[in-house]
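In what follows, chains carry the letters A, B, and so on, assigned in the order in which the sequence lines appear, proteins first and then strands, with residues in each chain numbered from 1.
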2 protein chains.
Amino acid sequence: MNIKTIAKMAGVSVATVSKIINNYADIGEETKQRVLKIMNDVGYMPSSSAKTLATKKSNLIGVVFAGQLNSDLSHPYFVSVLDAFKRQIGLLGYDLLFFSNEKFFREKEDYLARCRHFQVEGCIIIAGDQVEPSVNLLDSSDIPCIGIDIKLTGNNSAYLTSDNAKISSCAVEHFYMSGYRDIGFLGINRVTEVTTTREVAFKEAMNMFGLNINSDWFTYSEDFEGESGYQAMKKLIARGSLPRAIFAVTDLLAFGALRAMKEHQIRVPDDVAIIGCDDLLACQYSDPALTTIKQDKEKIGKLAALMLYDMINQQMDPKVIIVEPELVVRQSCGGA
Amino acid sequence: MNIKTIAKMAGVSVATVSKIINNYADIGEETKQRVLKIMNDVGYMPSSSAKTLATKKSNLIGVVFAGQLNSDLSHPYFVSVLDAFKRQIGLLGYDLLFFSNEKFFREKEDYLARCRHFQVEGCIIIAGDQVEPSVNLLDSSDIPCIGIDIKLTGNNSAYLTSDNAKISSCAVEHFYMSGYRDIGFLGINRVTEVTTTREVAFKEAMNMFGLNINSDWFTYSEDFEGESGYQAMKKLIARGSLPRAIFAVTDLLAFGALRAMKEHQIRVPDDVAIIGCDDLLACQYSDPALTTIKQDKEKIGKLAALMLYDMINQQMDPKVIIVEPELVVRQSCGGA
DNA sequence: CTGAAAGCGCTTACAG
DNA sequence: CTGAAAGCGCTTACAG
């Protein structure tokens with residue numbers, strides 16, 4: 001079923017049908033209704049590829065999970081952001097194309113090429129670590145890109161991130177105000193925009209409050225999984241000296257730490273208090289419920305869609321938007 | 001940059017370039033290498049839409065979240081399945097097209113039309129509730145479809161689901177063997193393949209063990225969110241009489257129930273034991289850690305990809321595959 | 001081993 | 001208000 005058939009059935013030209021599909025004004029009302037009815041009756045649907053080929057517009061947004069060790073659909077934080085993004089960009093009429101990371105044309109991991117290949121109109125790039133050069137290529141291309149937690153610098157790029165410095169200072173401040181002075185840090189052994197910022201800011205905040213930075217109380221997990229947080233916490237415990245409070249750069253890591261402490265009969269928050277970051281769903285149900293710095297996933301995803309849309313359509317000047325984090329007090333950080 | 005330019009640069013015909021791209025055998029090695037080098041140098045990438053238009057193959061798999069109240073990217077269980085699916089289907093060379101549910105051509109929610117529109121080669125359909133007729137249309141079309149937790153009956157469809165009857169009997173059996181006799185049920189107020197099966201099987205299992213089914217101990221949440229499980233549990237508590245154990249059809253609901261009980265100083269498992277279903281990550285960190293019936297998300301997602309691939313390529317006879325669930329014992333169900 | 005040409009299903013100036 | 005025709009960038013018999 002194609003446009004030609006419809007034209008024939010209606011006794012009009014292909015051009016006329018095309019104009020009706022695309023809502024051109026200069027079509028007789030009677031003709032329009034007649035053609036519309038026929039299309040409806042036979043369930044005609046224009047071919048996307050033909051349209052894309054003719055117009056260079058695909059109505060598709062590419063989603064790329066950047067980095068060697070990308071989070072894909074496995075990190076609850078990014079999934080939530082993406083969920084909000086999908087909802088909003090859907091309202092604006094776009095569908096989403098998830099590039100598989102596994103395989104591609106002649107084995108090359110070339111995002112820009114893939115975007116051209118599918119003629120996507122814009123991209124959302126989700127942060128990962130060890131970001132490949134091909135992401136930079138995409139970033140600096142003419143394809144509008146919106147980054148989540150990844151600093152994009154291209155002329156047609158913008159990015160969103162929580163205020164990561166503030167996240168750390170929030171945590172330290174809350175510890176301080178709750179009477180904690182001996183504060184440790186559970187970080188991650190990978191070079192990421194986000195985690196690096198949080199660690200630097202953590203130290204600055206410690207300094208600001210005149211608190212001692214004790215490197216014995218710093219421990220690092222291998223990746224973003226809860227299991228790795230567990231391992232990292234066990235390493236810290238094994239060292240013998242424990243801080244009274246720990247800031248974990250991510251809820252997932254905090255959960256792992258919680259499990260390690262439970263195993264070692266270390267009571268939270270009585271022996272060691274802990275604050276995470278993200279406000280994953282599971283924070284409400286953990287033992288104890290996790291005090292955390294909330295990132296507004298809903299807002300970030302929605303804003304990303306809106307900004308990308310503007311960049312695609314009105315050549316809006318790309319910007320960076322920093323979203324405010326928020327302290328959510330639960331049970332894992334009492335008072336010292 | 002198109003095939004014509006490459007042909008001109010290499011001094012060969014467009015047809016020859018096309019054959020090289022598609023790895024035809026009947027091309028001179030020298031020619032081939034020369035053209036390949038040029039494509040590489042200029043970073044040429046064939047246009048997907050032109051290729052699709054010419055071949056009717058898009059290398060795209062559509063993902064549809066069925067149902068009025070679909071789970072989209074918000075239900076951790078389906079996200080995990082999808083994650084595994086994406087990884088495997090990516091290895092097989094496909095990218096994923098997520099249809100936005102929000103809006104479409106002339107406001108119609110017609111999945112089949114959308115699939116034709118994009119010429120997707122196959123679809124994965126994720127269960128939701130109040131499934132629209134348009135999903136049935138897609139199911140009974142010639143497009144290969146693989147369902148997750150949704151019974152597909154079309155000639156080119158297959159589906160995967162955990163053995164939901166067994167899930168319930170596992171739970172009841174474990175309760176029974178742990179000494180519990182007064183068992184309640186936390187279900188969901190929506191007509192879904194999965195939840196209906198679990199409820200029916202729950203009652204059958206209760207009968208099998210000669211246990212009393214007390215309707216006072218049945219309570220239903222409005223949807224799949226933890227918050228709704230919380231509300232449902234509060235309703236049950238308000239009725240005054242509590243069972244000694246509860247089977248929640250979903251971990252998310254169980255988490256909500258956990259919170260409600262904590263608020264009412266009901267100890268788990270001392271006062272009321274609970275078993276969930278899914279084995280979400282959060283089960284490990286909840287208070288207490290949740291005993292659950294695990295669905296093998298990894299396996300289901302991977303199998304779905306493999307089956308869909310076979311259906312697309314070798315016209316494999318569609319099948320239904322039932323995946324075995326597995327009891328995971330943690331702390332929420334001790335001994336009575 | 002290589003190429004000319006028709007065709008895939010649309011859109012878009014342009015002419016009337 | 002409507003239509004003829006070129007063009008988008010590929011693939012694929014078919015001919016040589």
Side-chain angles (χ1 to χ4, degrees), chain A residues 1-36 38-39 42-60 95 104-106 113-121, chain B residues 1-36 38-39 42-60 95 104-106 113-121:
Chain A
M1 183 63 54
N2 57 25
I3 199 171
K4 215 159 136 190
T5 317
I6 301 292
K8 204 165 294 173
M9 290 175 73
V12 296
S13 75
V14 161
T16 300
V17 177
S18 173
K19 281 176 188 162
I20 290 169
I21 292 171
N22 294 294
N23 242 305
Y24 278 54
D26 60 346
I27 296 288
E29 190 56 27
E30 190 275 332
T31 318
K32 183 170 170 181
Q33 291 310 327
R34 185 157 43 88
V35 175
L36 241 26
I38 292 176
M39 292 198 290
V42 302
Y44 165 71
M45 184 100 262
S47 144
S48 158
S49 52
K51 179 170 190 157
T52 298
L53 180 57
T55 60
K56 313 267 176 224
K57 293 194 57 177
S58 63
N59 261 283
L60 246 30
D95 291 296
F104 198 56
F105 182 68
R106 278 187 276 134
R114 297 162 77 172
C115 286
R116 295 219 189 288
H117 177 72
F118 287 106
Q119 283 154 288
V120 306
E121 296 186 38
Chain B
M1 182 64 53
N2 58 24
I3 200 173
K4 215 159 137 190
T5 318
I6 301 291
K8 203 165 293 174
M9 290 175 72
V12 295
S13 75
V14 162
T16 300
V17 177
S18 173
K19 281 177 187 159
I20 290 169
I21 290 171
N22 294 294
N23 243 305
Y24 278 54
D26 61 345
I27 296 288
E29 191 56 27
E30 189 274 332
T31 319
K32 183 172 169 180
Q33 291 311 327
R34 186 158 41 89
V35 176
L36 241 26
I38 292 176
M39 291 199 290
V42 302
Y44 165 71
M45 184 100 260
S47 144
S48 158
S49 52
K51 180 171 189 156
T52 299
L53 180 58
T55 60
K56 313 267 174 226
K57 291 195 55 175
S58 64
N59 260 280
L60 245 30
D95 290 297
F104 197 57
F105 182 67
R106 280 189 275 135
R114 297 162 78 172
C115 285
R116 295 218 189 287
H117 177 73
F118 286 106
Q119 282 154 289
V120 306
E121 297 186 36

Please determine if a side-chain N or O atom of A:T52 lies less than 4.0 Å away from the OP1 or OP2 oxygen of D:dC8. no

Heavy-atom side-chain proximity of B:I38 to B:Y44 below 4.5 angstrom: no

Regarding B:N2, tell me which of base, sugar-phosphate or nothing describes its non-hydrogen contacts under 4.0 Å with the strands shown. sugar-phosphate

Mind calculating the distance between NZ (A:K32) and P (D:dG3) to the nearest angstrom? 16 Å

Compare side-chain N and O positions of A:S18 against OP1 and OP2 of C:dT11 and report whether any pair is under 4.0 Å apart. yes

Between A:V14 and A:E30, which residue's closest nucleotide on DNA chain D lies nearer the 5′ terminus? A:E30

So, does B:Y24 get its side chain near the phosphate of D:dT12, meaning an N or O under 4.0 Å from OP1 or OP2? yes

Does a side-chain N or O from B:Y44 land closer than 4.0 Å to OP1 or OP2 of D:dC10, or not? yes

Ignoring the backbone of B:A15, work out which of C:dT2, C:dC10, D:dT12 is nearest its side chain. D:dT12

Check every strand shown and say whether B:K19 touches a base, only sugar-phosphate, or nothing at a heavy-atom separation below 4.0 Å. base

Can you tell me how far C1' of C:dA4 sits from NZ of B:K4, to the nearest Å? 13 Å

Separation of C:dC8 P from B:R116 CZ (nearest whole Å): 17 Å

Rounded distance in Å - NZ (B:K51) to P (C:dG9): 18 Å

Is there a side-chain contact between B:N22 and the phosphate of D:dT11, meaning an N or O under 4.0 Å from OP1 or OP2? yes

Applying a 3.5 Å limit to both distances, which nucleotide forms a Watson-Crick or G-U wobble pair with C:dA15? D:dT2

Say whether, by atom type as modelled, one donor and one acceptor occur between the side chain of B:S58 and the main chain of B:Q119 under 3.5 angstrom. yes

Nearest of D:dG9, D:dG3, D:dT2 to any side-chain atom of A:D26? D:dT2

With a 4.0 Å limit, can you tell me whether B:T16 has a side-chain N or O closer than that to the phosphate oxygens OP1/OP2 of C:dG3? yes

Would you mind reading off the distance between B:I3 atom CD1 and D:dT12 atom P, rounded to a whole angstrom? 11 Å

Partner of B:E30 under side-chain hydrogen bond (donor to acceptor under 3.5 Å, both in side chains), picked from B:Q33, B:K32, B:R34, is B:R34

If every non-hydrogen atom of B:A7 is compared with every non-hydrogen atom of B:V14, which pair is closest and at what distance? CB-N, 3.7 Å

Protein-nucleotide distance (A:E29, atom CD; D:dT2, atom P), rounded to Å: 11 Å

Short side-chain to backbone donor-acceptor contact, A:T55 and A:K51, under 3.5 Å: yes

Any donor-acceptor pair under 3.5 Å from B:N2 side chain to B:K4 backbone: yes

Rounded distance (Å) that lies between atom P of D:dC10 and atom CD of B:Q119: 16 Å

D:dT12 phosphate, OP1 or OP2, under 4.0 Å from B:T55 side-chain N/O: no

If I take atom CG in residue B:N23 and atom P in nucleotide D:dT12, what distance separates them, rounded to the nearest angstrom? 13 Å

